[in-house]
Amino acid sequence: MKKSNNTYGSIALCESWAEHIGRTFTDKTYGLNNTIGIAGISSYEEWLEKQRNESDNHHIPIGYYHDLIDGVDLTEVANDFSDLSDSDEIIVDGISGITNQQMFSLLNPNITSIIDFNNALISSGYLQGSNTQSALNNLFSSY
């Protein structure tokens, strides 16, 4: 995820947040069948744990926000959204407990890319305990 001088970063940030928050609330409201509807997947969280990015150019990190929230502390193999059989991508997820409200509070006109968002999270004070800057950077670099 490279920051550029064009609108690419803003689009990636907006689309990724919209994807995360839309699917999260759809799942909370209507359940799995309305969230993803993929055979063999038993929960929205299971689906997210197996995702890396929505498209082959890796500009929308679908699972990044969820990985900031979840209590799953493991190194896992993730799949590309377009090919659920491809398992060559490793996501190092050692972060948990960040809330949607905390993440949303970081979104302002100065945050124009996923990189800006990650840097804002580092300086926010939300990283505490085992949620270290190093663990956050490992997760971020996985995407």
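Note that the structure is predicted; figures quoted are calculated from it, not measured.
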To the nearest 0.5 Å, what is the distance between [atom1] on [X] and [atom2] on [Y]?
X	Y	atom1	atom2	result
Arg23	His66	CZ	NE2	13.0 Å
Gln133	Ser123	CD	OG	9.5 Å
Asn110	Asn119	CG	CG	12.5 Å
Leu121	Asp116	CG	CG	12.5 Å
Thr112	Ile11	OG1	CD1	11.5 Å
Asn100	Gln102	CG	CD	9.5 Å

Minimum heavy-atom distance [X]-[Y], with the two atoms named:
X	Y	answer
Leu106	Ser124	CD2-CB, 3.8 Å
Ile69	Ile98	CG1-O, 3.0 Å
Asn131	Gly94	OD1-O, 3.9 Å
Ser96	Asp70	CB-O, 2.5 Å
Ile95	Leu136	CD1-N, 3.5 Å

- request: Classify the ring geometry between Phe117 and Tyr65 as parallel (under 30°), tilted (30 to 60°) or perpendicular (over 60°).
  value: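 Because their plane-to-plane angle is over 60°, the rings of Phe117 and Tyr65 count as perpendicular.
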Find out whether [X] and [Y] are in side-chain contact, i.e. whether some heavy atom of one side chain is under 4.5 Å from a heavy atom of the other.
X	Y	answer
Met103	Trp17	yes
Phe140	Ile114	yes
Leu107	Leu13	yes

message: Assess the residue pair Ile122 and Asn137 against the criterion (side-chain contact (heavy atoms from CB on, under 4.5 Å)); give the C-alpha distance rounded to whole Å, side-chain angles, the decisive distance to 0.1 Å, and a yes or no.
response: CA-CA 9 Å; Ile122 289 169; Asn137 287 336; 3.6 Å; yes
